[in-house]
Asker: 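What follows is a single structure, and I will ask about it in a moment.
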Amino acid sequence: MRYPFSEIESKWQKYWEENKIYKTDLSNTDHKLYTLVMFIYPSGAKLHCGHWYNYGPTDTWARYKKLKGFNVFEPMGYDAFGLPAENYAIKTGIHPFDSTMTNIKDIRQQLEKMGCMYDWDSELMTCVPQYYKWNQWLFLQLYKKGLAYRKNAPVNWCPKDQTVLANEQVQSDGTCERCGTLVIQKNLTQWFFKITDYAEELLKGLNEINWPDKTKSMQRNWIGKSTGTEVKFKVENSDEIITVFTTRPDTLFGVTYVVIAPEHPLVDKLTTPEFKEKVAAYKDSIKSLTEIERTSTVKEKTGVPIGAYAINPVNSEKVPIWIADYALLTYGTGCVMAVPAHDERDFAFANKFNLPITKVILEAGTKPGDELNSAYTDSGEMINSGSFNGLNSDEGIEKISDYLEQKDLGRRKTNFRLRDWLISRQRYWGTPIPIIHCPKCGEVPLDEKDLPLELPYDVEFNPSGESPLASNKNFINVICPKCGVDAKRDPDTMDTFVDSSWYYFRYLNPNFSGKIFDQQLTDKWTPVDMYVGGAEHATMHLLYARFIHKFLRDLGYTNSDEPFTNLIHQGTITNQGTKMSKSKGNVVNPDKFTIEYGSDVFRLYLMFMGPYELGGDWSDKGITGSDRFVQRTYELFNRFPIILDRVSPKSKFEIAGLNGEEKSVYRKVNQTLKKYDEEINNFRFNTAIAAMMELLNELAKNLEKCSLKIQAYTLERFGVMLAPVAPHLAEECLEIIGRKNSVFKNTVWFEADTEALIEDIANIAIQINGKLRATIQLPVNSEQSYVKDIVFKDEKVIKYVDGKQVVKEIFVKNKIYNIVVR
RNA sequence: GCCGAAGUGGCGGAAUUGGUAGACGCGCUGGACUCAAAAUCCAGUCUGGCUCACACCAGGUGCCGGUUCGAGUCCGGCCUUCGGUACCA
């Protein structure tokens, strides 16, 4: 009889729900284990295979931990604010709130069908005032500490989504992370969170968390710490000072010109009258370039002199000041000292514009007079550097920095590539910013007791570049709480990454009302022990959450330094090489497979496909293999109904007292237990399932020939191993053999009998000069002398050794016997 | 350009500290069952050579070289693919 998955899945799902099997007792924190998967964005596309691939295997891991005795908390919720719902509203006229609620309802049903052990009492969604009120509260705390501020700056603007984006949300090809449209630069006044205040700590903290090295290195690069020195250059005939940042103060004597970012405010002040026109023309010419064109490393560098000269503080040399597109206003001081001899960019630029090149670092094995064909960027002996001549340049970095600091010509400085997090968005479907703009008082933060500032339902959606909230008169017009005059609310909403930067706290008591979260619980249950989600969040969500976590800790709201102790990225499931997405129309609907095969088969198949962290291209080719495994398993258990009522197996058997088949079965089940344990623990589901398939093959062959006791022993263990990977099937199978109660109610785990792991017989490979010539079977742990006798009686060995001299013999116990002949 | 990961049968993928390459599964081929098909079960399946067949021989983990009794695994030099990053001074 085929496994009636539909009936059995609903039977056990009902049982689990009625018996509150997955309700976590949060008061019990012994062996607590917080397992979390990144929450879901509730779009109309519902669950696709990628979601399943994320949630199914993670749930298997969580169930495995539960069986091993952990008190597991595994919640699920909805990242419910965001652009797609709003774009959908623009297209169809369906309000984002309504479409989101409908989607959540559908997705919840799909999630329930998956049969994961989510604690549904902890479900949360971010688009309700009870949740986003605390985004606003968080904003106010940051504001109070000066960590939320507004400034006018060149920012990334997505013309399609009609909103600004954070740096992290612009992809390396200059397109929008959400919609793929080319992002442009605009000068706008926007809200920022000062993540840069935590740059150093965000960097250091990476050493304390067990995350994939890849992800940590991406964050390190993104933070981009760089230590160097700021050097002050006086300007000839001017009181202005140009401060440059350099990591190579040792090359200061080699400066032949200075470059300022074209947008730098000093440019207008310093440009001499005869250069005004050229400078203006140049600034115009780069304005028309897109960000990618401008920062492309293959593009030739451009620039113009501004007519003014700077004075090198160490040798009083007069060098020309240029503006060039390769100097970035947003990094360091926006000004660069150019040392063409020892910097590739400066070298290329100097060659193009015939600027002088002065060598000040000597490459070992070259002469001072040798011509440079390219910039020499390594260390060496300092030359042409006054009193610093002869020093090694590494030492020179320190010596010149000391000198500059003593003379007040500069100071050591650490710079970060990380920029502040731009959090305001000119969109509707997000958290309103709790600030009032008063013509008299300026920015007036809302009082905490007036939160939440609710998002109004009625607004104009059509994107005009203006925040939709500005169209709702009742919302936008307000009396200044300070002075009573007519004022306006801030019309922007927050980046949805604010919502997700602290949601893992909220899960523990999503209905808590007095504070942002229930610290009684969160102090005991956070950090999250295991976090699973896509690698695409490496420098976005995963960085923001670490920042907010540290900020909350500084306020005394949490007792840990990091939000996620362990992190795993599931691989990406692609379809014909491209990532599944609704816009590309290549989404594979998992329902097709769950309807045909059931959710356990589908879950098994996803896990069996390959290494979890690799993902892969979607194909349903092998799913029949998982189906067969399930059918054969079900059939096997049905051959031994209520066996546990008829016999109570021992917890261990003496292997010597077993007959041949029993020994084989007993050994295999224990070997499988050990393998399974190691593999699942490390998210290597594919090999764990392969081991179970091997076990099933063994049982199909030999179980019937075993004693009742061995049969019961084996099936009980097989059933328990099955429970994390195919929960519905396992519950049913265990019930068939007579187990009372759900295995997830009275959890049990069987450790392998270590004595049963070793085989009696070892296969020993015989090699001549490293080539396999024969294999022999001998009792395990046979000594060399014993093996040698048998090896040299082997016909093939005789054939190969005959007439030759045996030079060496290598013996590895139970593995190989290699004879080296000449 | 730089940083990181990966290249193994027709396909997805296994392989402890260097120790019998191809576990497990898909697909395919042959057989059993069946009136027939599906399902199921059994056998075979890296490539080439030779053989009626068994056996045997040679080659084989992206390419070239090295270390070693022995290399998918270690070292050096390349090639390709995929992620990340992009003038960060």
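Computed from a prediction, not measured in an experiment: that's the story for all the values here.
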Asker: Mind running a 4.0 Å heavy-atom check of residues 243-253 of chain A against RNA chain B and sending the residues that fall below it, in number order?
Answerer: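 Residues of residues 243-253 of chain A that come under 4.0 Å of RNA chain B are, in numerical order, A:F245, A:T246, A:T247.
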Asker: Suppose we screen for side-chain contact (heavy atoms from CB on, under 4.5 Å). Which residues come up paired with A:T227, at least two apart in sequence or across chains?
Answerer: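 If we apply the side-chain contact (heavy atoms from CB on, under 4.5 Å) test to A:T227, skipping adjacent residues, the hits are A:K225, A:T414.
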Asker: Tabulated below should be each protein N or O lying under 3.5 Å from an N or O of nucleotides 29-31 of chain B; please produce it.
Answerer:
none

Asker: Sort me out a list of protein N/O and nucleotides 3-13 of chain B N/O pairs below 3.5 Å, or just none if empty.
Answerer:
unit_1 : atom_1 : unit_2 : atom_2 : d
B:G12  : O2'    : A:M609 : O      : 2.5

Asker: A:E759: what forms a side chain to side chain donor-acceptor pair (under 3.5 Å) with it, not counting sequence neighbours?
Answerer: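 Once residues adjacent in sequence are excluded, the partners of A:E759 under the side chain to side chain donor-acceptor pair (under 3.5 Å) criterion are A:Q671.
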Asker: Considering every strand and a 4.0 Å limit on heavy-atom distances, what is the contact class for A:K813: base, sugar-phosphate, or nothing?
Answerer: nothing
Asker: Identify whether NZ of Lys or CZ of Arg in A:R417 sits under 6.0 Å from the centre of the six-membered ring of A:W222 and within 45° of that ring's axis.
Answerer: yes
Asker: A:T358: what forms a side chain to side chain donor-acceptor pair (under 3.5 Å) with it, not counting sequence neighbours?
Answerer: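 Scan of A:T358 (side chain to side chain donor-acceptor pair (under 3.5 Å), adjacent residues dropped) gives none.
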Asker: Salt bridge or not for A:R628 and A:E635, using N-O below 4.0 Å?
Answerer: no
Asker: Taking 4.0 Å as the cut-off, does a side-chain nitrogen or oxygen of A:R628 come that near to OP1 or OP2 on B:A39?
Answerer: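 Checking B:A39 against A:R628, no side-chain N or O comes under 4.0 Å of OP1 or OP2.
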Asker: For nucleotides 65-76 of chain B, just jot down a letter per nucleotide in 5' to 3' order: B, S or -, based on protein non-hydrogen atoms under 4.0 Å.
Answerer: ----BS------
Asker: With sequence neighbours excluded, what pairs up with A:Q169 under the side chain to side chain donor-acceptor pair (under 3.5 Å) test?
Answerer: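 With neighbours one apart ignored, the set is A:R425, A:D495.
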Asker: Is the phosphate of B:C88 approached by A:R345 (side-chain N or O, under 4.0 Å from OP1 or OP2)?
Answerer: yes
Asker: Is the side chain of A:K668 donor-acceptor paired with the backbone N or O of A:E694 at a distance under 3.5 Å, no angle test?
Answerer: no
Asker: Who are the salt bridge (charged side-chain N to carboxylate O under 4.0 Å, His left out) partners of A:D760, not counting sequence neighbours?
Answerer: A:K663, A:R667
Asker: How would RNA chain B look in dot-bracket form, 5' to 3', counting Watson-Crick and G-U wobble pairs with both distances under 3.5 Å and writing | for bases paired to another strand?
Answerer: (((((((..(((......[....)))((((((.......))))))((((......))))..(((((..]....))))))))))))....
Asker: A:E596: which residues meet the side chain to side chain donor-acceptor pair (under 3.5 Å) condition with it, sequence neighbours left out?
Answerer: none
Asker: What pairs meet the salt bridge (charged side-chain N to carboxylate O under 4.0 Å, His left out) rule with one or both residues in residues 772-782 of chain A, with sequence neighbours excluded?
Answerer: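 The answer is none; no pair qualifies.
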